[in-house]
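Before any comments, here is the structure.
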Amino acid sequence: GQSLEQPSEVTAVEGAIVQINCTYQTSGFYGLSWYQQHDGGAPTFLSYNALDGLEETGRFSSFLSRSDSYGYLLLQELQMKDSASYFCAVRDTNRDDKIIFGKGTRLHILP
Amino acid sequence: DAGITQSPRHKVTETGTPVTLRCHQTENHRYMYWYRQDPGHGLRLIHYSYGVKDTDKGEVSDGYSVSRSKTEDFLLTLESATSSQTSVYFCATGGQGADNEQFFGPGTRLTVL
């Protein structure tokens, strides 16, 4: 079954902050990754958390808590170009190190 | 970019015909993957390769086969295409580095009538 759960859609206003959550049910993994995908495009890598805590890259930050089996992607100062789908992913040591993706969160940004 | 190309980019075919999709990379990455993407399902792993002639199944491998005779090329074959295999197919490389970053090709949109 699906090991990664994330909301299917999130809506936010331009200039605001939005958080996209990801919960997972695997006990063995090499950290949590995030990807962005625009309509008609390919997924592109955004961030990776190997350890607990917050990683910041410009307007985007990502957080991991292994004890809570939880992570999130935080997008600040939202721009219209951030309208896209966002996927969390893990390399699952319980599945022969296969990379497993969540179903994705569609982010809608209102002007 | 990791220099990943996919061919063809679009294909329409009929049920029962064989189809081969090609992925070519120029970065000498050891690992290569084939995913399919469908609405509501995200990215699902079909097959992957961890070296020349070394391949393994993903979560949705039924009806698909792969081959990797050279480091740079990874082929996905639908032996007898069905309408349920209508999808967007992405090839990817990497995923085994310190940050698990994968690099994706532009995708192939396949329609099986």
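Remember, it's a predicted structure, so these values are computed and weren't measured experimentally.
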Would you confirm whether B:Arg30, through its side chain, and B:Tyr50, through its main-chain N or O, come within 3.5 Å as a donor-acceptor pair?
-> yes
Checking heavy atoms, do the side chain of B:Leu45, its backbone, both or neither come under 4.5 Å from chain A?
-> side chain
Donor-acceptor contact present, side-chain A:His38 to main-chain A:Lys81, <3.5 Å | yes
Proximal component of A:Ser8, with respect to chain B [non-hydrogen, under 4.5 Å] | neither
Between B:Tyr31 and chain A, which part of the residue has a heavy atom less than 4.5 Å away: side chain, backbone, both or neither?
-> neither
Using a strict cut-off of less than 4.0 Å between a Lys/Arg side-chain nitrogen and an Asp/Glu carboxylate oxygen, indicate whether B:Asp54 and B:Arg68 qualify as a salt bridge.
-> no
With A:Tyr72, which of A:Asn21, A:Ile20, A:Leu64 fulfils side chain to side chain contact (heavy atoms under 4.5 Å, CB included)?
-> A:Asn21
